[in-house]
Amino acid sequence: MENPAPRPYSDAKGRYGKERIGVFVCHCGRNIAATVDVKKVVEEISKHPAVVHAEDYDYMCSKPGQELIERAIEEKGLTGVVVAACSPSIHETTFREVVEHAGLNPYRCEMANIREQCSWVHEERDKATEKATRLIKSVIEKVVRNEELEPVKVGLHKKALVIGGGIAGIRAALDIANAGFQVILVERKPTIGGHMAQLAETFPTLDCAQCILTPLMSEVANHPNIKLLTLSEVIDVEGYVGNFHVRIKKNPRYVDPDKCNLCDNCTEVCPVVVPSEFDEGLSLRKAIYIPFPQAVPSSYVIDPDACLGMNPIICGKCAEPDVCGPGAINFYDQPEIIEEDVGVIIVATGYEIYDPKKISEYGADKYPDIITSLQFERLLSPNGPTGGIPKRPSDEKIPKRIAFIHCAGSRDEKHRPYCSHICCTYCSKHGLLFKELVPDAEVYSFYIDIRAVGKNYEDFVKRAQEEAGIQFIRGKVSKIYEEDGKVKIFAVDTLLNRRIEVEVDMAVLALPIVPAQGIADLASKMRIQIDNYGFLQERHPKLHPVESATPGIFFAGAAQSPKDIQDTVAQASAAASKALEILTQDEISHTPTVASVDRDLCSGCRLCLSVCPYGAIRIVDGKAEVNEIICEGCGACVSTCPSGAISLRNFTDEQLDAMIEAVVGGI
Amino acid sequence: MRKIKLAVDYGSICGGCDVAFIDAGEKLIELANAAEIVFWPAVVDGKEEDLRKTREIDIGIFFGAIRTERHKEALEQLREKSRILVAFGTCACYGGIPGLANSVESRVLLKKGYVATKSTDNPDGKLPGFEEFKEAALRLPRLRSLVSPICDFVDVDIWVPGCPPPVESVNKLIDVVKDLQEDQVPPKGLFIAEGRSLCDFCEREKPEVLRIKRFRRVHEGEIKRDECFLKQGIICLGPVTRGGCGARCIDANMPCRGCFGPVPNVEDQGTRFLSAVASALMAEEEREVGEEELRKLIDELPDPLGLFYMYSLAASIINRRYLDLEGD
């Protein structure tokens, strides 16, 4: 071994200068101590020429453990601290604060991970003990070369951008606005409200969706701190936490919401009829329309793709003075680019349902009476196309036999392998509501497994099974088609192990929840990650569930994963709270362990620009420059830089070489 | 003024470094005036004896890499006698092209060259350097197991990279000799080259962002004269290579192959550039492109070792372990 020198810590080669390192080895109860001989580690590490103090304790992260460190810093005049315990991602902040409290620069403290990287993955005590010792020696080499650093600080714009005006975006925007900060709420569609506005009643309490949503919508409309931009899309995001510069394209409404008095005369004269998006194509609307009566902003809108008046020679009926009294209609309305500076961004772009055409064996695109769950919501909805009494699209008769197909594409390798999370519960809701309306109806629910995870959901599903008498059939449906006005379903009942054929009047497909269109594009503009299925990728599934990997950008709702309204609202408030954590600061401080460029060495080749996931590098006078606030210290540019011009503070090549030498030296 | 005692000895050479001096033209007269050439096989008549007998020389210049035991002896002798030792040419500095032999050990090379080829008649499998040829009273020097740059064995005072070094470098070295007449000793570790990368001296237009989407070899299609090679998908070692060559290849519309060796902060030219290219290849699109497609893209580089390590394999971290083994 390299350090035979006995106490008192003579450093024969003088490698460690005046360094006085303290090492604190944690037992973590039995987590570490069961596999690593902690006393032996302390004994070995005490011989290290840079170490002037070494001790062990049951739980270093506990108050008494922390006090040991503080005391040693004061009494022994430590210049650096190594805590050998768990992963730095868990307790680095804890120990750096302790060290700072005792008067040392926090970057003079490092953790050696002897739990996740040692005790938990080994069984042989001797070898694990030696490995722990080597890991600590390696971190000592790092600490003695660590610079004393101060956090980077910068001012911020105390304003938030919320993208998406569904329930998630509405809740997040209101929370931030109520806390006294300005919010820009951007919605692509003509009204806010999102999918929730389309729903009939919500599980498990069977609240009327509109009744609980519309008050929030009007709160948004009237809130002095919220600037609502509908028909708008974010086209560009630059900058970094606290200082995002956003460009938003506001598409023309062609109707001035301030003048529109909702008289509805325009729709009477409009000659163009197209399927209604709000009713999922089950009803028709005009080219000038209001999505639904409580829409916010409360105004009609012209669909420019359908409207003939875009060429005033052909049509302009609605704009006639005797039709639109207030003169609200303007065919010459132009798109507008709005630029805003914000400090934080919440992405709440919601979901779509999977295209049923892609599941050809379920026939939703070929047969009128095979419909989607969202269409069924509209049929159940009092303001829906059938006034709340479900009728078959083909002949407008009230169906007497109906089947709900769970997992119609979800948990299916051919379509979407994940669970869409809400279908089991809403299918039960659909069955319950339908039975209430048509008590003599026969209702079937084809399921793979019932996943009713959530407060009171199991009771709710039980209610559907027992009270409402819905027949739950455990089995995957293989084929659905319609013949002679009857919908035929072929399936396997896996409980009775037999093939079954059911004839119903209508089938409802619970299609997979997929991310909203354009999310990949938006994510790449914001430099945030999406997962394999296109949902937004959170920074950590447990510890940072509403944060993107890019500071200052947060997620809410189904854009991150399929979610019900309860979870969406909870997440929206969580995202708002994380956003407020930043907005309430007067300046933003950022870790100083970031990349820096040696301008003399930089060849200006621009390779680093292509690998930086945060867009933190730009070229200034032909050489790369790192924006310290944007840089997250990932090191991608360091390994890319062919000229060796970029290094990571406190993670230099020299440090890494010394650390590797300490870990593998003499093996 | 006193004449400077100068000697040149060789390792594994091709002769290009000698020719590089000839290119200096009239400047050689200055060298002849300033120096007494004790030993330089290609230039003055002399025997190794002369060098062995000379006790001290002012400046010793070594060409070529260390391939055989004899090269190592020559180098050690020159170092011992020289106040200043110059590593002249890429082979001396980094092992050069002969260093590519380090992809295998010399035993394998010899077997291939002296036994395995079909045209060879060597039933006993005799290998040079391992047997004494008594009939000829000749003993060939043994090949060392690997090719080495000279710094693996001796301290180097002046580095003159280049394959071969350009006239400007030769001129500067001659000026160093002249300065020695006035006892002006150059700083230790002087590089007769630039401290910055070749890109700093390249006049081609640089892209906004350099993204590598595919690789192209120089014979595949037209090469634009005014645009960065890397932007065109052609591997150019400019960013990882020391400037000072006068960008000769670049001007001839050929990418840099790295003969000036790595820039100051880079230890291993090939690994460093491989790391750069690997990181940047299809950056941000890896997921969409997929493993298989990436593999195909990588296969567009048929000989990565020869490309990234054309001149520096002998000085790379690859195979360094074997250096501890003496001889073979």
Side-chain angles (χ1 to χ4, degrees), chain A residues 520-521 523-535 537 549 595-624 634-647 652-654 656-657 660-661 664 667, chain B residues 194-213 227-231 235-243 255-256 258 260-288 290 308 317 321:
Chain A
D521 190 37
S524 89
K525 279 174 193 156
M526 296 200 289
R527 292 182 168 267
I528 55 178
Q529 273 90 46
I530 51 174
D531 67 16
N532 289 339
Y533 306 115
F535 291 106
Q537 180 70 54
S596 66
V597 181
D598 183 332
R599 287 184 71 83
D600 288 340
L601 295 172
C602 173
S603 68
C605 72
R606 276 100 165 140
L607 272 175
C608 50
L609 274 74
S610 75
V611 298
C612 178
Y614 307 99
I617 308 176
R618 61 191 183 124
I619 298 291
V620 179
D621 298 332
K623 308 268 171 158
C634 73
C637 56
V638 180
S639 65
T640 301
C641 177
S643 311
I646 312 184
S647 60
T652 60
D653 283 359
E654 192 209 336
L656 290 173
D657 284 349
I660 293 168
E661 182 61 36
V664 299
I667 289 180
Chain B
E194 298 289 342
R196 291 171 293 156
S197 79
L198 176 59
C199 294
D200 258 8
F201 305 91
C202 174
E203 283 170 5
R204 287 174 183 249
E205 197 185 315
K206 290 186 172 115
E208 288 257 309
V209 178
L210 183 51
R211 295 186 202 281
I212 300 181
K213 304 251 181 210
E227 192 178 76
C228 173
F229 283 107
L230 286 162
K231 166 99 191 294
I235 292 294
C236 171
L237 265 61
V240 74
T241 304
R242 251 179 213 277
C256 173
F260 259 54
V263 285
N265 218 28
V266 169
E267 198 182 336
D268 193 305
Q269 196 179 13
T271 336
R272 173 57 76 163
F273 205 64
L274 201 59
S275 165
V277 169
S279 307
L281 179 64
M282 282 289 167
E284 293 183 348
E285 290 172 49
E286 295 100 330
R287 209 196 290 266
E288 292 95 275
F308 294 105
I317 51 174
R321 246 185 117 92

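Letters go in sequence order (proteins before strands), and every chain restarts at 1.
Residue contact with chain B, scored on non-hydrogen atoms closer than 4.5 Å, involves the backbone of A/Cys602 exclusively. At a 4.5 Å heavy-atom cutoff, the contact between B/Val263 and chain A is made by side-chain atoms alone. Using a 4.5 Å cut-off between heavy atoms, A/Cys612 touches chain B through its backbone atoms (N, CA, C, O) alone. Contacts of A/Asp598 with chain B are absent, with no heavy-atom separation under 4.5 Å from either backbone or side chain. Only the backbone of B/Glu208 comes within contact range of chain A, with at least one heavy atom under 4.5 Å from a heavy atom of that chain. Neither the backbone nor the side chain of A/Arg599 comes within contact range of chain B; no heavy atoms are under 4.5 Å apart. Interface remark: B/Ile212 contributes side-chain atoms only to the contact with chain A (heavy atom separation under 4.5 Å).
Rounded to the nearest 0.5 Å, atoms OG (A/Ser643) and CZ (B/Arg242) are 12.0 Å apart. Between B/Lys206 atom NZ and A/Cys605 atom SG the span is 8.5 Å, to the nearest 0.5 Å. Taking CD1 of A/Ile646 as the start and CG of B/Asn265 as the end, the distance is 11.5 Å to the nearest 0.5 Å.
Remark: A/Asp521 pairs with A/Lys525 by the salt bridge (charged side-chain N to carboxylate O under 4.0 Å, His left out) rule, at least two apart or across chains. In this view, B/Pro255 and B/Val218, B/Phe229, B/Ile234, B/Cys236, B/Arg257 satisfy the side chain to side chain contact (heavy atoms under 4.5 Å, CB included) rule, not counting sequence neighbours.
Side chains of B/Leu210 and A/Ser610 form no contact here, defined as non-hydrogen atoms less than 4.5 Å apart. Taking the side chain as every heavy atom from C-beta outward, B/Val266 and A/Leu601 never approach each other to under 4.5 Å.
Counting heavy-atom pairs closer than 4.5 Å to chain A, the top-ranked of the candidates B/Cys228, B/Pro239, B/Ser279 is B/Pro239. If you tally non-hydrogen atom pairs under 4.5 Å between each of B/Ala278, B/Pro262, B/Gly243, B/Pro207 and chain A, the highest count goes to B/Pro207.
Of all heavy-atom pairs spanning B/Arg272 and A/Asp653, the tightest one is NH2-OD2, 3.5 Å. Residues A/Ser603 and B/Cys199 share a closest heavy-atom pair of O-CB, 3.3 Å.
Using modelled atom types, no side-chain atom of B/Arg211 and backbone atom of A/Leu609 make a donor-acceptor pair closer than 3.5 Å.
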